[in-house]
Amino acid sequence: ELQETPYPYLGEFETVSSPVTTNSSGGFSFRVPSLTTSADFRVVTTGPKPQFSGTIKQAVTPVVLLKVHHSSVAGIVRLYGTISPSITGAHVLIQLSKPARAGNTEKTSERTSRYVTQFSTVALKGTRSVSRFSVILKIVHSGRYRAYVDLRGKPLQSGGSNAVSLHAGKSRRSHS
């Protein structure tokens, strides 16, 4: 049987599947329906003396979709999108990809860009399964932007959208 304890992993493990039988080489598999929260899983044998496997953490990241509506004014755009599963009240950061200097650690030596937050908004209720966000912005820096849902300390992992290319509007300079 497959057992699960959902985030924050403090509850008892509960069985979430019917028992399965191993094949001739001892292999088995379970189908887990779509997860809406991160969880720890383990396998337990059935019988008078159950045996428990180690736990496997399954982190769930939301699907974030980002769309753009360009206005008739250069550099003014409406960025909007959805988050699934629904996370009403989540902070949505609008981030610009910037070139990064290579670091001197293994983790940063290969990085060629990093995202820098330019704007933010909050996810609003959409439907039972999807929340929505929308923000009207004046783009000052041309580049590739994404929506990033910051979920630290929440049942889901933080996650980002697809990146979109946006162009800054012409700046007006006053001449004295």
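As a basis for the values below, the full set of heavy atoms in this structure was taken, side chains included, without hydrogen atoms, waters or symmetry mates.
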Inset, instruction - Kindly confirm or rule out a cation-pi arrangement of R146 over Y115, judged by NZ or CZ under 6.0 Å from the six-membered ring centre and within 45° of its axis? - result: yes
Inset, instruction - Could you walk me through whether V60 and T36 pass the side-chain contact (heavy atoms from CB on, under 4.5 Å) test, one step at a time? - result: CA-CA 7 Å; V60 176; T36 57; over 6 Å; no
Inset, instruction - Indicate yes or no for a side-chain donor-acceptor contact from S71 to the backbone of V77 under 3.5 Å, with no hydrogens or angles considered. - result: no
Inset, instruction - Could you point out which residue of S53, S29, S17 forms a side chain to side chain contact (heavy atoms under 4.5 Å, CB included) with L2? - result: S17
Inset, instruction - Measure the spacing between CZ of F30 and OG of S18 and express it to the nearest 0.5 Å. - result: 9.5 Å
Inset, instruction - May I have the step-by-step check of side-chain contact (heavy atoms from CB on, under 4.5 Å) for S97 and S113, ending in yes or no? - result: CA-CA 6 Å; S97 177; S113 66; 3.5 Å; yes
Legend entry - CG-OG1 distance between L124 and T88, expressed to the nearest 0.5 angstrom: 7.5 Å
Legend entry - Step-by-step side-chain contact (heavy atoms from CB on, under 4.5 Å) determination, Y80 to V135: CA-CA 6 Å; Y80 64 100; V135 62; over 6 Å; no
Legend entry - For A59 against Q157, the heavy-atom pair lying closest together: CB-CG, 3.3 Å
Inset, instruction - Please test E1 against T46 for side-chain contact (heavy atoms from CB on, under 4.5 Å), starting from the C-alpha separation and ending with a verdict. - result: CA-CA 7 Å; E1 296 176 337; T46 57; 3.8 Å; yes
Inset, instruction - Identify whether NZ of Lys or CZ of Arg in K57 sits under 6.0 Å from the centre of the six-membered ring of Y7 and within 45° of that ring's axis. - result: no
Inset, instruction - Check the hydrophobic clustering (I, L, V, M, F, W, Y; side-chain heavy atoms under 4.5 Å; chains of links allowed) and say if L35 and V16 are grouped together. - result: yes
Inset, instruction - Would you mind reporting whether L156 and T61 have side-chain heavy atoms less than 4.5 Å apart? - result: no
Inset, instruction - Keeping the roles fixed (side chain from S131, backbone from I87), state whether a donor-acceptor pair exists under 3.5 Å. - result: yes
Legend entry - Within one Ile-Leu-Val-Met-Phe-Trp-Tyr cluster: V68 and I94, side-chain cutoff 4.5 Å: yes
Legend entry - Backbone N/O of G143 and side chain of S165: donor-acceptor pair under 3.5 Å: no
Inset, instruction - State yes or no: do F28 and V32 share one hydrophobic cluster built from I, L, V, M, F, W and Y residues joined by side-chain heavy-atom distances below 4.5 Å, directly or via other members? - result: yes
Inset, instruction - Flag the pair K67 / T82 as yes when at least one side-chain heavy-atom distance between them is below 4.5 Å, and no otherwise. - result: no
Legend entry - Minimum heavy-atom distance between P62 and I83, given as atom pair plus value: CB-CG2, 3.8 Å
Inset, instruction - Verify, without hydrogens or angle tests, whether S84 (side chain) and V63 (backbone) share a donor-acceptor contact under 3.5 angstrom. - result: no
Inset, instruction - Starting at OG1 of T55, measure out to CD of Q3 and round the result to the nearest 0.5 Å. - result: 12.0 Å
Inset, instruction - For the residue pair F133 and V122, establish whether any side-chain heavy-atom pair is separated by less than 4.5 Å. - result: no
Legend entry - Distance-only donor-acceptor check, side chains T117 and Q95, under 3.5 Å: yes
Inset, instruction - Indicate yes or no: at least one non-hydrogen side-chain atom of L66 is less than 4.5 angstrom from one of L79. - result: yes
Inset, instruction - Kindly compute the distance separating OG1 (T37) from CD (E4), expressed to the nearest 0.5 Å. - result: 8.0 Å
Legend entry - Ion pair R42/D40, N-O distance below 4.0 Å: no
Legend entry - Check: Q118 and L93 side chains under 4.5 Å, non-hydrogen atoms: no
Inset, instruction - Verify, without hydrogens or angle tests, whether T45 (side chain) and P50 (backbone) share a donor-acceptor contact under 3.5 angstrom. - result: no
Legend entry - Close side-chain approach of F41 and Q58, heavy atoms under 4.5 Å: yes
Legend entry - Spatial distance of atom CG (L10) from atom OG1 (T5) [nearest 0.5 Å]: 7.0 Å
Inset, instruction - Find out if a path of hydrophobic residues (ILVMFWY) with successive side-chain heavy-atom gaps under 4.5 Å connects I136 to V73. - result: yes
Inset, instruction - Report yes if the side chains of Y148 and S161 come closer than 4.5 Å at any heavy-atom pair, otherwise no. - result: no
Inset, instruction - Verify the cluster assignment for V92 and F119: are they in a single hydrophobic cluster under the rule of side-chain heavy atoms below 4.5 Å apart? - result: yes
Legend entry - Atom pair OG/CZ of S86 and R128 - distance to nearest 0.5 Å: 10.5 Å
Inset, instruction - Would you name the heavy atoms of S158 and R152 that are closest together and state the gap between them? - result: OG-N, 3.6 Å
